[in-house]
Amino acid sequence: MTATTATTGVEGVEGGMRGWLRGHLGVLGVLAAWSVLEAGQTFLTGFALAKALDHGFLRGRPGTGALWLALAAVCVPLGAYGTARVFRALAALVEPLRDVLVETVVRRGIRSAIRGGGAPHASVVSRLTHQVEIARDAFGGLVLVLRSFVFTSIGALAGMCALAPVTLLIVVPPLAVGVAVFALALRPLAARQHRYLAADEALAAELGSLAAGLRDIRACGGEPEMTRRAADLIDAELRAERSLARWGVARAAAPALGGRLPVVLLLACAPWLLSTHRITAGALLGALTYLTESLQPALQNLVHTLSAAGTRLGVVLDRVAGPDLPESAEGGPEGVAPVRTGAVLEFRGVTFGYGGGARPVVRGLDLAVAAGEHLAVVGPSGIGKSTVAGLAAGLLRSGRGQVLSAGLPALVPQEAYVFRGTVGDNLRYLRPDADPDDVLSAAELLGAGPLVAALGGLTGEVDPGALSAGERQLLALTRTYLSPASLVLLDEATCHLDPAAEAVAEHAFAHRPGGTLLVVAHRISSATRADRVLLLDGTHALCGTHTELLRLSPLYRDLVGTWSPAAPAGRAGL
């Protein structure tokens, strides 16, 4: 999730809450009416203390002082009664919201199940039983805290005005600055909290997938790419956390500016206030009481609750009342259209770069590979051929556009993986139920028959360290040929074979029943054998037959001209 997306989500939640509150103005009026008692209690707390000191204890009239304190004490149960009534009125605001959210979750879950033709998505249960309750509690807490801050501030400032209006000149500016700082930081802080949560979820999901597929990653030679992907997600979470911490400073500064600084200023100005403005000791003590017992705790509570409960509310409402649930497994993943009829692999406007600010390696690629087609990918070294293979295999995720596959792809990388065990175990790894005759037949088709025989047949033991790179490639190619994959991706998977052995292997895959072949080519012979050739030049992609590209592309003619049968693998950059 980007910061823009997070901000949009926050704005959507704010807009929804404003609309909900406008529809319940009557309930809000009841809340305000009962909150007047709380404001009155706040007013009398400091005012009665000041009067008790000035008109009672400092003048030697303890009885008068005690009466003022008794008046303040009587107001405590009245304020508590008002708070209790506030909670009762709050239920009339919060419970209807809960009912609407429950209805929304159920409706969207049923619609998703009908559209997907299967069972409801599993997240419906979490949203219905847990997330809706989080939203209800968070929303109720926000209403209570905002109401308390507003009416507490009114009562405290009214008390200061009644005791000594000049104190407002000292208290109000830093209080206003503190509230303004927090208000200005609230939306960026919420956006960064959303981004941090999204980065944390993405990292957890990726690490879970990596842990479950370590053996397959090793078998496909995907360790560097998977390491890079995990590192990118870790870096993204670190950046999000640092950004959140920087904005957290503004959150911490708000209570300091609005709650603690006025106390310091009032104490520093006390001699001036007592001598020049002749305010009484009781008025000064009352003002300090308003600050320390009312305004400071109310502001601290406001900052803490809006930062915590507000974030939870935003995240939950985005999930509960945001976009529709993804379809069930029978209906396919969310937002993914089916490939066109007759196609096995499609790139639709795909753009990909290694890192957020990196120059795209693949830019706006549109490509459809038909069932049974043999496609070769060529281009200068480092131009993005292996990236295209990684995107097709699902090892990479496009930044923009869609990569669609109609079947299970199998990627064979340049460094083939075999493990210690029998030859049969290695060859049947992707198809454990393969018949021994089918395994031996596939080995013969791929040119691996002599190697299998030399190793002692299917029961012979494989020592990976004793095999050459070409022998490991032959075993990996045979294993992939036997697999149920409808799309085979050979990423320079024959680079350690001689041209004749490479031709045998590619011919076998090109004529594999029900199979489609994509070859990242390192010899021009691979391109000449393909039905079509995809040429990458770093800016555009051109697709056509070998003959068409010779006529249309000077780059392709240059690549063809630099190849010779004796050139080391990869020298020509195809």
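In what follows, residues are counted from 1 in the order of the sequence shown. As a basis for the values below, the full set of heavy atoms in this structure was taken, side chains included, without hydrogen atoms, waters or symmetry mates.
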CG (Leu391) and CG (Leu396) are apart, to the nearest 0.5 Å, by 5.0 Å
Can a donor-acceptor pair be found, under 3.5 Å and without considering hydrogens, that links the side chain of Arg557 to the backbone of Leu550?
yes
Between Gln473 and Ala493 (side chain of the first, backbone of the second, donor and acceptor by atom type, cut-off under 3.5 Å), is there such a pair? yes
To the nearest 0.5 Å, atom NE2 of His496 lies from atom CG of Leu474 at 11.5 Å
Side-chain contact test, heavy atoms from C-beta onward, threshold under 4.5 Å: evaluate it for Val412 versus Leu489 and give yes or no. no
Does the Glu471 side chain pair with the main chain of Ser468, one donor and one acceptor, at a distance under 3.5 Å?
-> yes
Between Asp491 (side chain) and Val519 (backbone), is there a donor-acceptor pair under 3.5 Å? no
Separation between CG (Leu375) and CG (Leu367), nearest 0.5 Å, reads 6.0 Å
Keeping the roles fixed (side chain from Asp366, backbone from Gly349), state whether a donor-acceptor pair exists under 3.5 Å. yes
**Asked** Are the ring centres of Phe509 and His374 closer than 6.0 Å?
**Response** no
Could you walk me through whether Thr545 and Val533 pass the side-chain contact (heavy atoms from CB on, under 4.5 Å) test, one step at a time?
CA-CA 6 Å; Thr545 65; Val533 180; over 6 Å; no
In terms of heavy-atom contacts, Ala410 and Thr480 come closest through CB-CG2, 3.8 Å
(Q) Are Gln414 and Ser386 packed together at the side-chain level, in the sense that at least one heavy-atom pair is separated by less than 4.5 angstrom? (A) no
Do Leu475 and Leu427 come close enough that some side-chain heavy atom pair is under 4.5 Å? yes
Is it true that the side chains of Ser441 and Asp438 contain a donor and an acceptor less than 3.5 Å apart? no
Treating His511 as the side-chain partner and His507 as the backbone partner, does any N or O pair qualify as donor plus acceptor under 3.5 Å? yes
Please list, one pair per line, the donor and acceptor atoms closer than 3.5 Å that link side chains of residues 450-467 to other protein atoms, with sequence neighbours excluded.
{"unit_1": "Asp463", "atom_1": "OD1", "unit_2": "Arg420", "atom_2": "NH2", "d": "3.0"}
{"unit_1": "Asp463", "atom_1": "OD1", "unit_2": "Gly465", "atom_2": "N", "d": "3.3"}

| message | Quick check: do Arg479 and Asn426 have side-chain heavy atoms less than 4.5 Å from each other? | response | yes
Tightest non-hydrogen contact, residues Leu536 and Pro380, listed as O-CD, 3.4 Å
Sidechain-backbone polar pair: Arg400 side chain, Thr351 backbone, donor-acceptor under 3.5 Å: no
* Asked: Can you tell if the side chain of Glu492 reaches within under 4.5 Å of the side chain of Leu490, non-hydrogen atoms only?
  -> no
Lys/Arg-Asp/Glu bridge criterion (N-O < 4.0 Å) met for Glu502, Arg529
yes
- Run the side-chain contact (heavy atoms from CB on, under 4.5 Å) check on Val403 and Val350 step by step: do they pass? CA-CA 7 Å; Val403 180; Val350 172; 3.7 Å; yes
